[in-house]
Asker: 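Take this structure, written in structure tokens, and hold onto it; I'll ask about it next.
In this chain, residues are counted from 1 in sequence order.
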Amino acid sequence: MQNPTGDGYTIATVDGRGDVSVIAQVEHRDLTGPSPEIVRTGNRMLLLAAVARQIVCPFTDTVLDVSDAVLITVPGGRSFVMNADHWDTYGPAFLTARPGTEDIDGRAL
């Protein structure tokens, strides 16, 4: 959401009661679209929330760490997190088999 002052963006969550929790505020002068910094911050927050929710890689049964986890979102909205070693092994074939799949790699954040 855009800050009321018009000079940046606010990354926030809204719970079931409608309460807003601000995660980060990012200064941004060009409001025509999100800057790479905003995209990176948003992706990191998404990955952090997904890792906190899932905790364990469903493929390797190892505890996930944001710095080497990968969030996968397949077309249709289903998402899951896996550790980076598993993604490095099976990710390219997965992307080929399911076009339109998006990934957020914690190693790049």
Asker: With clusters built from Ile, Leu, Val, Met, Phe, Trp and Tyr whose side-chain heavy atoms come within less than 4.5 Å, directly or transitively, what are the remaining members of the cluster of Phe94, listed by chain and number?
Answerer: Phe59, Val70, Ile72, Val74, Phe80, Met82, Trp87, Leu95

Asker: To the nearest 0.5 Å, what is the distance between CD1 on Ile55 and CG on Leu64?
Answerer: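 Reported value, rounded in 0.5 Å steps: 9.0 Å.
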
Asker: Tell me, please, which residues at least two apart from Thr62 pass side-chain hydrogen bond (donor to acceptor under 3.5 Å, both in side chains).
Answerer: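 Testing Thr62 for side-chain hydrogen bond (donor to acceptor under 3.5 Å, both in side chains), a comparison that skips the adjacent residues, returns Thr60, Asn83.
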
Asker: Determine the minimum heavy-atom distance between Pro99 and Pro75, stating which atoms define it.
Answerer: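 Pro99 and Pro75 have their closest heavy atoms at O-CG, 3.3 Å.
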
Asker: Taking all heavy atoms of Cys57 and all of Gln54, pick out the closest pair and write down the distance.
Answerer: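 Cys57 and Gln54 have their closest heavy atoms at CA-NE2, 4.3 Å.
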
Asker: Say you draw a straight line from CG of Leu48 to OG of Ser67; how long is it, rounded to the nearest 0.5 Å?
Answerer: 11.5 Å

Asker: Measuring from Thr73:OG1 to Leu46:CG, what's the distance to the nearest 0.5 Å?
Answerer: 8.0 Å

Asker: Return each pair, listed once, that meets salt bridge (charged side-chain N to carboxylate O under 4.0 Å, His left out) where at least one residue sits in residues 64-79; pairs must be two or more places apart or across chains.
Answerer: none

Asker: Which residues pass the side-chain hydrogen bond (donor to acceptor under 3.5 Å, both in side chains) test with Asp85, sequence neighbours left out?
Answerer: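 Testing Asp85 for side-chain hydrogen bond (donor to acceptor under 3.5 Å, both in side chains), a comparison that skips the adjacent residues, returns none.
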
Asker: Mind checking whether Leu71 and Ser79 have side chains closer than 4.5 Å, heavy atoms only?
Answerer: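 They are in side-chain contact.
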
Asker: According to salt bridge (charged side-chain N to carboxylate O under 4.0 Å, His left out), does anything in residues 38-63 pair up with another residue at least two apart or in another chain? List the pairs.
Answerer: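 Sorted pair list comes back empty.
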
Asker: When rounded to the nearest 0.5 angstrom, what is the spacing between CG in Asn43 and CD1 in Ile104?
Answerer: 4.0 Å

Asker: Of the non-hydrogen atoms in Leu47 and Ala69, which two are nearest, and what is the gap between them?
Answerer: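 The pair with the smallest heavy-atom distance is CD2-O, 3.8 Å.
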
Asker: Which pairs pass side chain to side chain donor-acceptor pair (under 3.5 Å) with one or both residues in residues 96-106, sequence neighbours excluded?
Answerer: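 Listed once each, the pairs are Asp105-Arg107.
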
